[in-house]
Protein chains: 2
Amino acid sequence: MQIDLEGFMLTQQRKAHILHVLKQTGQVIAKQLSQELDLSEDTIRRDLRELAADGLLQRVHGGALPASPALADFSGRQTIATDGKQAIGRAAAAMIRPNQVIFIDGGTTAVQLARQLPPDLVATIVTHSPSVAVELVNYPNITVDLIGGRLFKHSVVAVGASAIEAIGRYRADIYFMGATGIHPEIGLTTGDSEEAAVKRMLCHHAAETVVLASREKLGAASPYLVVSMNDVQCLVVERDTPQESLQAYTEMDLTIIKA
Amino acid sequence: MQIDLEGFMLTQQRKAHILHVLKQTGQVIAKQLSQELDLSEDTIRRDLRELAADGLLQRVHGGALPASPALADFSGRQTIATDGKQAIGRAAAAMIRPNQVIFIDGGTTAVQLARQLPPDLVATIVTHSPSVAVELVNYPNITVDLIGGRLFKHSVVAVGASAIEAIGRYRADIYFMGATGIHPEIGLTTGDSEEAAVKRMLCHHAAETVVLASREKLGAASPYLVVSMNDVQCLVVERDTPQESLQAYTEMDLTIIKA
DNA sequence: ATAAAACGTGCAATTTCGTGCAGAGTCAAG
DNA sequence: CTTGACTCTGCACGAAATTGCACGTTTTAT
């Protein structure tokens, strides 16, 4: 690959180049890059460290690999469904009434919800999670609409412009949302900006947003804001959630359901 | 299996490769790996020891086996149940070259294809099958684009106008198609008109269409025509497919690959 | 029982890493 | 114009990781 020979390459350009090579070849090697860009390996290593800190790649000895630390993580998480998440899923499923149009989010808790639906439920379920879609194959009376887009592998959901656009064509009765962070003042947050945008869109296109709040999410915050608590109508929490974790929410205009 | 021939393989990649081989074949042999990767057996043994320490596999004399007996059972079932389809998937996967854009169809054979992809493949895969999408989560270098639409549960694929429209935005290098009927004169057929329409669209938006032809599909016909054999460039069949089943195709302008 | 293969450990050579530090360049306030 | 703060880069040096080899032990197969 030919690199700019006259002007200097800015640091940011260099980082972009590293990510580009990583995307094209699936790996980058520190020594190789330093020769290609005519820089010391120290500089390259620094770049790699910083990019890794931003979660844009995975640092390994000798270079870097694409970021996918959540890969085995997810398949692991999926099998071990805690009782708490099952209960949340069951309580949420009970909220659905016949012939409603429902958005179901991605994530482990949402998959639990899909598993807990009454088998004879008549409804239309719209989801950007292929995992949820696959779960719903066995429900003969449920129409499943799959939202397409680029697959964000960490959460296994479709994101991006086409996903946003597709969501815009729906008006759902309920959106069952998962979130990695639920905080009374900050609001609902997640770890990826694209995913946050999709969740926001889903929220705004549903009459009611119900948050599936498993214990470890309460009081936490992630980098990207989805919506504030004002945009949420209902919270489903585990039965044995400590009262003090819920205190801040009880004063808001919010239904709290204990599963 | 083809390994990266230019750049060096990073240590972590090597471990990932070992786990992938283990998952695919249900076992790994130290000596085999050392020859395949051109490294001393000591290094391989060290890798196996470390992976075993992480609980990712079970160390045995001569190599390693999957971590839990349950997992071995699982991977065993898969390989046995779909021996022929697995071979077809592997042969099809070998056709993909780096950085291509690939359509993968729905259906069991297509899922096998997804499982047989080389773990370090760099490519963009577009699919209207949520099952295929979920399979590809574990491939860090593959960009997955999910085609949305109404879910046709029998085949577990998205169909309908929005699926057709989304497909229209792509131009793929290869379309790997499954079909319930493959007949030399009638062409390719399937059991649902909507699904046929989607397959047709995929076929017309790919430079090359490759049909995954497991044994029981050859010579059969279903109600809805997808395309005639003229629109197909390649057929992948099982190695022991009787010659008379293939006779009619050999006279056509068609590449036949025996898996 | 005996030979061959696989194993584990210790060791040395090489490579890569991280950190502290210094020089060069940029920018803004004085 | 000068000064000071800040950033970026390269170098040095000790620490850590990786790999192959040697040697004695254990396992497997004949």
Side-chain angles (χ1 to χ4, degrees), chain A residues 1-22 24-69 71-72, chain B residues 1 3-22 25-67 69 72 119-120 140-141:
Chain A
M1 173 166 313
Q2 193 62 23
I3 306 301
D4 194 345
L5 290 172
E6 329 185 28
F8 284 101
M9 183 175 240
L10 297 165
T11 306
Q12 209 153 336
Q13 284 179 304
R14 190 176 61 236
K15 287 188 182 178
H17 177 254
I18 292 175
L19 288 176
H20 181 255
V21 172
L22 182 61
Q24 288 298 315
T25 65
Q27 62 164 197
V28 284
I29 293 162
K31 188 171 193 173
Q32 223 171 63
L33 280 173
S34 78
Q35 292 171 355
E36 182 183 336
L37 302 176
D38 196 30
L39 287 169
S40 75
E41 291 184 40
D42 302 69
T43 302
I44 300 298
R45 273 198 289 269
R46 252 183 289 253
D47 289 344
L48 294 181
R49 249 177 287 170
E50 288 164 16
L51 290 169
D54 291 347
L56 271 47
L57 51 76
Q58 183 194 351
R59 194 66 226 285
V60 300
H61 197 91
L65 295 173
S68 61
L71 126 184
Chain B
M1 160 123 16
I3 305 300
D4 196 343
L5 290 173
E6 348 188 12
F8 282 91
M9 182 174 242
L10 296 164
T11 307
Q12 297 301 324
Q13 277 181 308
R14 188 178 60 236
K15 288 188 182 177
H17 172 75
I18 292 174
L19 287 177
H20 183 259
V21 172
L22 182 61
T25 65
Q27 63 162 18
V28 285
I29 296 163
K31 186 168 191 174
Q32 221 171 66
L33 281 172
S34 78
Q35 292 171 355
E36 180 184 339
L37 302 176
D38 195 30
L39 288 168
S40 74
E41 291 185 41
D42 301 69
T43 301
I44 300 298
R45 274 198 288 270
R46 249 184 291 253
D47 287 345
L48 294 181
R49 251 176 282 167
E50 287 164 18
L51 290 170
D54 291 348
L56 272 49
L57 51 75
Q58 183 194 346
R59 195 67 227 285
V60 298
H61 199 92
L65 294 173
D120 53 354
N141 304 320

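Quick caveat, the model's predicted, so the values are computed rather than measured.
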For this session: Identify the two heavy atoms, one from B:E41 and one from B:S34, that lie closest to each other, and give their separation to 0.1 Å.
Result: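 For B:E41 versus B:S34, the nearest heavy atoms are CG-OG, 3.4 Å.
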
How long is the line joining [atom1] of [X] and [atom2] of [N], in whole Å?
X: A:L33; N: C:dT15; atom1: CG; atom2: C1'; value: 16 Å
X: B:H61; N: D:dT25; atom1: NE2; atom2: C1'; value: 11 Å
X: B:I29; N: C:dC7; atom1: CD1; atom2: P; value: 11 Å
X: A:K31; N: D:dG10; atom1: NZ; atom2: P; value: 16 Å
X: A:L65; N: C:dT16; atom1: CG; atom2: P; value: 15 Å
X: B:D47; N: D:dA17; atom1: CG; atom2: P; value: 15 Å
X: B:L10; N: C:dC17; atom1: CG; atom2: C1'; value: 14 Å
X: B:E50; N: C:dC7; atom1: CD; atom2: P; value: 15 Å

Answer yes or no: does a side-chain N or O of [X] lie under 4.0 Å from OP1 or OP2 of [N]?
X: A:S40; N: D:dT9; result: no
X: B:R49; N: C:dC7; result: no
X: B:T11; N: D:dT19; result: yes
X: A:R45; N: D:dT9; result: no
X: A:R14; N: D:dC8; result: no

Taking only the side-chain heavy atoms of [X] (C-beta and beyond), determine which of [options] contains the nearest atom.
X: B:L39; options: D:dT19, C:dT16, D:dT9; result: D:dT19
X: A:R46; options: D:dT9, C:dC7, C:dT9; result: D:dT9
X: B:E41; options: C:dG18, D:dG10, C:dA6; result: C:dA6

Exercise. How many angstroms lie between CD1 in B:I18 and CG in B:L48, if you round to the nearest 0.5 Å?
Worked result: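 Between B:I18 CD1 and B:L48 CG, I get 5.0 Å after rounding to 0.5 Å.
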
For this session: Drop me the distance from A:L33's CG to A:H17's NE2, to the nearest 0.5 angstrom.
Result: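 That separation rounds to 7.0 Å.
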
Problem set entry | Side chains of B:Q32 and B:V21 in contact at under 4.5 Å (non-hydrogen atoms) |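 Not in contact.
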
Exercise. Does the side chain of B:K15 reach to within under 4.5 Å of the side chain of B:L56, using non-hydrogen atoms?
Worked result: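 Side chain of B:K15 against side chain of B:L56, heavy atoms only: no contact under 4.5 Å found.
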
For this session: On DNA chain C, check which nucleotide each of B:L48 and A:G63 is closest to and give me the residue with the more 5' one.
Result: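 Going by which nucleotide is closer to the 5' end, it is B:L48.
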
Problem set entry | Donor-acceptor pair present, A:D42 side chain and D:dA12 base, under 3.5 Å |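 Yes.
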
